[in-house]
Novice: 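Dumping the structure here so I can ask a few things about it.
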2 protein chains.
Amino acid sequence: MVSLNLDREVEQRLGDHDVRYTRGRRVVVSALAASDGPRSAAELHREIGPDLPLSSLYRSLSVLEDAGVIIPHHGARTLTRYELAEWLAGHHHHLVCVECGSVEDIEIPKKHESRVKALVQELSDGASFTPLNHALEIEGRCSKCT
Amino acid sequence: MVSLNLDREVEQRLGDHDVRYTRGRRVVVSALAASDGPRSAAELHREIGPDLPLSSLYRSLSVLEDAGVIIPHHGARTLTRYELAEWLAGHHHHLVCVECGSVEDIEIPKKHESRVKALVQELSDGASFTPLNHALEIEGRCSKCT
DNA sequence: CCTATAATAAGAACGATTCTCATTATAAGG
DNA sequence: CCTTATAATGAGAATCGTTCTTATTATAGG
């Protein structure tokens, strides 16, 4: 579901942020709009070609993110965080603070969990996908950052 | 929910993988068990102290991950992937392939979505968390990698 | 047109992670 | 107990994604 007036809306939004909707930025937006999932800078660079240098591409991504046109999947991931596997820690979900980046585990009531599980199975079946695990990732502001 | 016999179970699992449960590995497992959410190498190093050098800590993480004792939150990728913000692309969830790392967007039926939304609100309330967004992240094997 | 300002792009810098390799610890057999 | 083969450690180099710096180029508005 991508708006038909995508360029119009993005241009509007960028205007509100006092930045121009230049060729490099257009090409990044259009590449992302054509994707069926999130894309990294390297992947976009491969798709777009060498006309848009990597350093410019990164710059465009950063401008577009600041303007709220694009978002980093799973937050800006310049580091990897580990946790005990679920067979040790139990099944749980996450509250991710967009402000400070902290992540807190939460468990959910069994009755809800079984609904979620069924939903996961249904969605996976529809996409020929073999689910191994799932988690509800809730992004927002934690109690400290409110 | 961390098993009371954590060390016992981890030792068993590492044994099955022909690796020893050494001091460095123990201290990493115990730090993660004491955490209320995922932790980065740097965070663990800060908590554990300088007795376990960073390079050893990274090594421990990698061994523990191979043995299935710990898992990287959101997969191991140290790269950031972007997508159009939801006000442009619509609300959706993700199928993440643990094999090739690809991520595919999926939308879910409205009736399910409203249930999920209610659940998100309920969980957030219970944790003094202000939810801004949420997504069900389903990890597994995509049709290509099955 | 001019000019002030924004955007671009090449390359340096940076930070997280991985690799290399010499040293140290350990288990298992004599 | 020793010895020895193997695993683990740790210091530092190397790598890789990303960000920063800065000189150059493009553009909107006067």
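Below, chains carry the letters A, B, ... as their sequence lines are ordered, and counting in each starts from 1. Values reported hereafter were calculated over all heavy atoms of this structure, with side chains retained and with hydrogens, waters and symmetry mates removed.
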Novice: Are A:Thr22 and A:Arg26 close enough that some pair of their side-chain heavy atoms sits under 4.5 Å apart?
Specialist: no
Novice: Under 3.5 Å, which donor-acceptor pairs do the side chains of residues 112-119 of chain A form with other protein atoms, sequence neighbours left out?
Specialist:
from, atom 1, to, atom 2, distance (Å)
A:Glu113, OE1, A:His91, NE2, 3.4
A:Glu113, OE1, A:His93, NE2, 2.9
A:Glu113, OE2, A:His91, NE2, 3.0
A:Glu113, OE2, A:His134, NE2, 3.1
A:Ser114, OG, A:Lys111, O, 2.9

Novice: If you look at every heavy atom in B:Thr80 and A:Pro72, which pair is closest and at what distance?
Specialist: CG2-CB, 3.6 Å
Novice: Quick one: list whatever passes side-chain hydrogen bond (donor to acceptor under 3.5 Å, both in side chains) with B:Asp18, sequence neighbours left out.
Specialist: none
Novice: Protein-nucleotides 5-9 of chain C N/O pairs closer than 3.5 Å?
Specialist:
from, atom 1, to, atom 2, distance (Å)
C:dA6, O4', A:Arg20, NH2, 3.1
C:dA7, OP1, A:Arg20, N, 3.0
C:dA7, OP1, A:Arg25, NH1, 2.8
C:dT8, OP1, A:Thr22, OG1, 2.7
C:dT8, OP2, A:Arg25, NH2, 3.4
C:dA9, OP2, A:Ser56, OG, 2.9

Novice: Please output the side-chain donor-acceptor pairs of residues 27-39 of chain B that fall under 3.5 Å, not counting sequence neighbours, one pair per line with the distance.
Specialist:
from, atom 1, to, atom 2, distance (Å)
B:Ser35, OG, B:Ala31, O, 2.9
B:Asp36, OD1, B:Arg39, NH2, 3.1
B:Arg39, NE, B:Glu47, OE2, 3.3
B:Arg39, NH1, B:Gly37, O, 3.3

Novice: Has the side chain of B:Glu43 got a donor or acceptor atom that lies under 3.5 Å from a matching backbone atom of B:Ser40?
Specialist: yes
Novice: Tracing side-chain links under 4.5 Å among I, L, V, M, F, W and Y, which residues wind up in one group with A:Val96?
Specialist: A:Val103
Novice: Going by heavy atoms closer than 4.0 Å, what residues in residues 33-48 of chain A are next to DNA chain D?
Specialist: A:Ala41
Novice: With sequence neighbours left out, write down each residue that passes side-chain hydrogen bond (donor to acceptor under 3.5 Å, both in side chains) with B:Asp125, or none if nothing qualifies.
Specialist: B:Gln121
Novice: Which side-chain N or O atoms in residues 57-69 of chain A pair as donor and acceptor under 3.5 Å with protein atoms at least two apart or in another chain?
Specialist:
from, atom 1, to, atom 2, distance (Å)
A:Ser60, OG, A:Ser56, O, 3.2

Novice: Which nucleotide span of DNA chain D, 5' end to 3' end, has atoms closer than 4.0 Å to non-hydrogen atoms of chain A?
Specialist: D:dG17 to D:dT27
Novice: B:Glu137: which residues meet the side-chain hydrogen bond (donor to acceptor under 3.5 Å, both in side chains) condition with it, sequence neighbours left out?
Specialist: A:His73, A:His74, B:His94
Novice: Using atom OH of A:Tyr58 as one end and atom C1' of C:dA13 as the other, report the distance to the nearest whole Å.
Specialist: 14 Å
Novice: Do the side chains of B:Ile138 and A:Phe129 get nearer than 4.5 Å, heavy atoms only?
Specialist: yes
Novice: Please state how far atom CG in B:Leu54 lies from atom C1' in C:dG15, giving the value in whole angstrom units.
Specialist: 11 Å
Novice: Which residues, if any, of residues 73-85 of chain A bring a heavy atom under 4.0 Å of DNA chain C?
Specialist: A:Thr78, A:Leu79, A:Thr80
Novice: Distance-only criterion, 3.5 Å: show the donor-acceptor pairs between side-chain atoms of residues 139-146 of chain B and protein atoms not counting sequence neighbours.
Specialist:
from, atom 1, to, atom 2, distance (Å)
B:Arg141, NH1, B:Glu99, OE1, 2.2
B:Thr146, OG1, B:Cys142, O, 2.9

Novice: Which atom names give the shortest non-hydrogen contact between A:Pro50 and A:His45, and what distance separates them?
Specialist: CA-NE2, 4.2 Å
